[in-house]
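Notes follow the structure.
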There are 2 protein chains.
Amino acid sequence: MNIGEASARSGVSAKMIRYYESIGLIEPPSRSAAQYRVYADDDVHTLRFVRRARDLGFSLEETRALLALWRDRGRASADVKKLAMAHINELEAKAAALKAMADTLRHLAAHCHGDHRPDCPILSDFAAATPARGKG
Amino acid sequence: MNIGEASARSGVSAKMIRYYESIGLIEPPSRSAAQYRVYADDDVHTLRFVRRARDLGFSLEETRALLALWRDRGRASADVKKLAMAHINELEAKAAALKAMADTLRHLAAHCHGDHRPDCPILSDFAAATPARGKG
DNA sequence: TATGGGGCTTCCCATCATGGGAAGGTCAAG
DNA sequence: CTTGACCTTCCCATGATGGGAAGCCCCATA
């Protein structure tokens, strides 16, 4: 199949498929006489794997490691789990950071009248901000 | 003061101060005879405001809007609150998305032995993934 | 006064993952 | 043979930031 069909079947854009190939994440497929990329079902399988990893927030480099583990039938599941757990921690740390921002902002917004008056504790807080020294 | 001191006082790198100036987020400061940027205390104030907004996850474009509101003494606090609330929603949506990824992955990892054996439901799930069609 | 080191200037490049689009070749259907 | 959809490669853009080179400037010290 051509790249368009591989894209449709895998959920990875043609643009990205070419890019993944260029950075060596996936193998270059064979080519037709006219230099069209020709994919097999197995390639679609790989692309779906990549898509799933990306959807779960793994970077392309992490995905590369996962692919290697996937292809290595003899690897210990501990290796996979270790990578996954590390990623889970990253994800949760990022989520917590975003949540902390939201909470701070929500706190400030709670004290903002939100009417026609100009006074606003949100902007006041921003204006009073000091870098890495607390509110001294 | 020179850019180095403004940077130290505001917590914004010199690199970023120049960048913010280049995109019109902050006003170009006056220059010394040798073309050095010369900042006043007020400029540091503005830089701290930007820093605070960035720390709370506002994009530079959102920060630009906040700066405009800050400088507009007559604005209604409702305008600020509206912008803030929208941002809070974005932050929480992103946090929820990250948390969902972590939960999915944690669920998969819970069923992974994590020992010397090669079987791993994490990779199995990835390999079985299908794009936007459920698990058919 | 000469020198050295640190700060400043501009300019270009890299990141990460992705999309847009141009210029041109190819294929299948009419 | 034309038309239109597809493919190719190549370059550019995003958002926010950092790295670093080449060259000028300023101050302190010898």
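Naming convention: chains lettered A, B, ... in sequence-line order (proteins, then strands); numbering from 1 in each chain.
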Task: Pairing residues for B:S13 by the side-chain contact (heavy atoms from CB on, under 4.5 Å) criterion, not counting sequence neighbours - done: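 Checked B:S13 against side-chain contact (heavy atoms from CB on, under 4.5 Å); matches are B:K15, B:M16.
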Should [X] and [Y] count as side-chain neighbours, where that means a heavy-atom distance under 4.5 Å?
| X | Y | result |
| --- | --- | --- |
| B:Y36 | B:I3 | no |
| A:H45 | A:D41 | no |
| A:R18 | A:R37 | yes |

Over all strands shown, is [X] touching base, sugar-phosphate only, or nothing at heavy-atom distances under 4.0 angstrom?
| X | value |
| --- | --- |
| A:R18 | base |
| B:S13 | sugar-phosphate |
| B:S32 | nothing |

Between atom [atom1] in [X] and atom [atom2] in [N], what is the gap in whole Å?
| X | N | atom1 | atom2 | result |
| --- | --- | --- | --- | --- |
| A:M1 | D:dC7 | CE | C1' | 16 Å |
| B:I3 | C:dG7 | CD1 | C1' | 11 Å |
| A:Y19 | D:dT9 | OH | C1' | 17 Å |
| A:Y39 | D:dC6 | OH | P | 16 Å |
| B:E61 | D:dT14 | CD | C1' | 12 Å |
| B:Q35 | D:dA22 | CD | P | 23 Å |
| A:D55 | C:dT18 | CG | C1' | 14 Å |
| B:R31 | C:dG7 | CZ | C1' | 14 Å |

Nearest to the side chain of [X] - [options]?
| X | options | value |
| --- | --- | --- |
| A:A34 | C:dT9, C:dC27, C:dA17 | C:dC27 |
| B:R54 | D:dT17, D:dG20, C:dT26 | D:dT17 |
| B:K15 | C:dG19, C:dT18, D:dG18 | D:dG18 |

Open item on the list: Please report whether the ring centroid of A:F49 lies less than 6.0 Å from that of A:W70.
Closed with: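 Yes, close enough.
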Open item on the list: Any donor-acceptor pair, under 3.5 Å, between the side chain of A:Y36 and the base of C:dG25, if you only look at N and O atoms?
Closed with: yes
Task: N or O in side chain of A:R37 less than 4.0 angstrom from D:dC7 OP1/OP2 - done: no
